[in-house]
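Residues: numbered from 1 along the sequence shown. Small disclaimer: the values here were computed from a predicted structure and weren't measured.
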Amino acid sequence: MTTTLNTIAFKAQTHPEHRFQNLYGLLNTDSLYQSWGQLNKQAKPGIDGITMPKYRDKLIENIDRLGQQLKQKCYRVNDIKRIFIPKSNGKLRPLGLPTVDDKLVQQSVSQILQSIWEQDFLRNSYGYRPNKSAHQAVHSLTLNLQFKGYGYIVEADIKGFFDNLDHEWLMAMLKQRIDDKAILNLINQWLKARIKSPDGVFTKPLSGSPQGGIISPVLANIYLHYALDLWFEKKVKPRMKGRAMMIRYADDFVCAFQFAHDAERFYKVLPKRLKKFNLDVAEDKTSLMRFSRFHIGRKRHFVFLGFEFYWGRDSKGKARLRRRTAVKKQKATLSEYYQWIKAKRSLKLREWLPQLKRKLVGFRNYFGLPDNSRSLSYVYDYVLHSLYKWLNRRSGRRSYNWSNFKKMLEYFRIESPKVSKRLVLIDWY
C-alpha cells in the first residue's frame, strides 16, 4: 500500500492535470490492516456501540468481512452519532462519531486523497497535513511579519465551515483529480450519511462534513485549496501593488499586506469570494487593522491559533513581534483547571495527579514557545494554588503545609513548565 501511494504521489506531482482511475481497487484487506494501525484506539464508539477493544477481539474476521464488502461493492456507510463538546468560548462544538468500519475505510481513502493533493496543496496551508503543524504556522507568521515589512493584517475565520461545506462544489473539486465513480460515490455517501442527535432524532445533512470523521480534514483542505488558497495565490497577489501573504490552518487564516489599499480591497472582496462557495466570514472573528512595528503595545493585537500577536520591544529597545497565550484562551484554561481539581479533590492522589501532570505537559507543549514564559508560569502558579486550596479542604483539618505540599509535587514530578527552543521549519513569503 505504501509503495502504491508513493507511486500515486509521484504521478500527481509530475502530471498536474492527470485524473486518477481505479483508486477504489486499493481498498482491500491490506489497506484496512494498515489503517487499523493508524487509528486512535481510545476513540469513542459510533452509533453501533462497538468499541475499539471489542472490534480488536475479532479483528481478522471484521477486516475480512469489510474487505469482502468493499470488493463486492456492497459496503454501505453507517449513520453517524453526534455528540457535543464544550469550546473555550462557552459554546458547544458538534462532533460526528463514525463506526469502526467507517473509520477504517475513511482512513484508507484519506491516505489516497492525501497522496494526490499533497502535491497540489500550497505551502501556506498548515492544517491537518503531514509534516505540518500549528507551531510551524505560528513561527512562519511571526518571522514574516517581523522581517518582511507587512503593515496591515486581515484576520479571518469562516463561519461554521464544517457545517456549510457545499457538497456539489466539493464533488466538482474532487473530480479535478479523480476519475473513479466508485470512490466518488463512497465519499458522497459519507457526506450524506444520516446524523443521530443526542435526543434520538435523525437528520440527513444537505451540506457540511461532520467534524470527528477521519475523512473530514483532507476534504476541508481540498475545498479551501480551490476556494481560497489558489484564488489568493493566482488572482489576489498578482493584483496587489505591494507584498501580500496568507497563512491558513484549516478554516482559520491570516492575511498580511504591505499597503493599506491592498488590504482594503481584499477585505471587501473576501466575503464575495466565500459566498460563491456558500461560505460566510465570521464577522466577530474577522477584521482589518494597521499592524506594524510603529504601533507598540498590546492594545493593537490579533489572535491566531490561540496565540495573541502584538508588537513590543526587546532588551535593546528595538521593535519585536511578541506572542503570548490569548487572553480568552488563558481564562478558559484556568477555569477548566480549577473546576477539574475541585471535582477530583476527594479521590486518591495517585488516581488523578498523573492526569494533572499530563494536562500541564500538554499545555506546555503547545503554548511553551519563546516570549510566552510569563503565561506558562502564571498558569502553573494558579494550578498549584488551586491544588493547595482544594487538597486542604478535603476534611476538617488541613492536609498540607507548603513544605509537605512541595514534597508531594516532587513525588509526582509535577514541575514548572519551560519554554521550548526547538527550531521549526518556516516558509518565507
Exercise. Go through the structure and list residues passing ring pair (Phe, Tyr, Trp, His ring centres under 6.0 Å) with Tyr24, not counting sequence neighbours.
Key: none
Exercise. Rounded to the nearest 0.5 Å, what's the gap from CG on Asn78 to NZ on Lys196? Could you check?
Key: 12.5 Å
Exercise. Report the relative orientation of the aromatic rings in Tyr338 and Trp390; use parallel for angles under 30°, tilted for 30 to 60°, perpendicular for over 60°.
Key: perpendicular
Quiz item: Are side-chain N/O atoms of Asn144 and Ser140 paired as donor and acceptor at under 3.5 Å?
Solution: yes
Exercise. For residues Asn278 and Ser207, determine if any side-chain heavy atom of one lies less than 4.5 Å from a side-chain heavy atom of the other.
Key: no
Quiz item: Among all residues two or more places apart in sequence or in another chain, which pass the ring pair (Phe, Tyr, Trp, His ring centres under 6.0 Å) test with Phe266?
Solution: Trp231, Phe232, Phe257
Quiz item: Do the side chains of Leu141 and Leu305 get nearer than 4.5 Å, heavy atoms only?
Solution: no
Quiz item: Has the side chain of Arg323 got a donor or acceptor atom that lies under 3.5 Å from a matching backbone atom of Tyr310?
Solution: no
Quiz item: Between Tyr126 and Asp252, does any side-chain donor sit less than 3.5 Å from a side-chain acceptor?
Solution: no
Quiz item: Are any of the side-chain heavy atoms of Arg248 and Asn221 separated by less than 4.5 Å?
Solution: yes
Self-check item: Under 3.5 Å donor-acceptor, Asn164 side chain and Lys159 backbone
Solution: yes
Exercise. Could you verify whether a donor N or O on one side chain and an acceptor N or O on the other, from Thr325 and Asn372, lie under 3.5 Å apart?
Key: yes
Practice problem: Could you verify whether a donor N or O on one side chain and an acceptor N or O on the other, from Ser197 and Asp199, lie under 3.5 Å apart? | Solution: yes
Quiz item: Considering residues at least two apart in sequence or located in another chain, which fulfil the ring pair (Phe, Tyr, Trp, His ring centres under 6.0 Å) criterion with Tyr55?
Solution: Trp36
Quiz item: Taking side chain as C-beta onward, heavy atoms only, is Trp169 less than 4.5 Å from Leu279?
Solution: no
Quiz prompt | Residues that Arg194 engages under side-chain hydrogen bond (donor to acceptor under 3.5 Å, both in side chains), provided they are two or more places apart | solution = Asp79
Self-check item: Counterpart residues, ring pair (Phe, Tyr, Trp, His ring centres under 6.0 Å), relative to Tyr267 (two or more places apart)
Solution: none
Exercise. Could I get the full list of side-chain hydrogen bond (donor to acceptor under 3.5 Å, both in side chains) partners for Tyr388, not counting sequence neighbours?
Key: Arg398
Practice problem: Show your reasoning for whether side-chain contact (heavy atoms from CB on, under 4.5 Å) applies to Val138 and Phe309. | Solution: CA-CA 10 Å; Val138 169; Phe309 292 79; 3.9 Å; yes
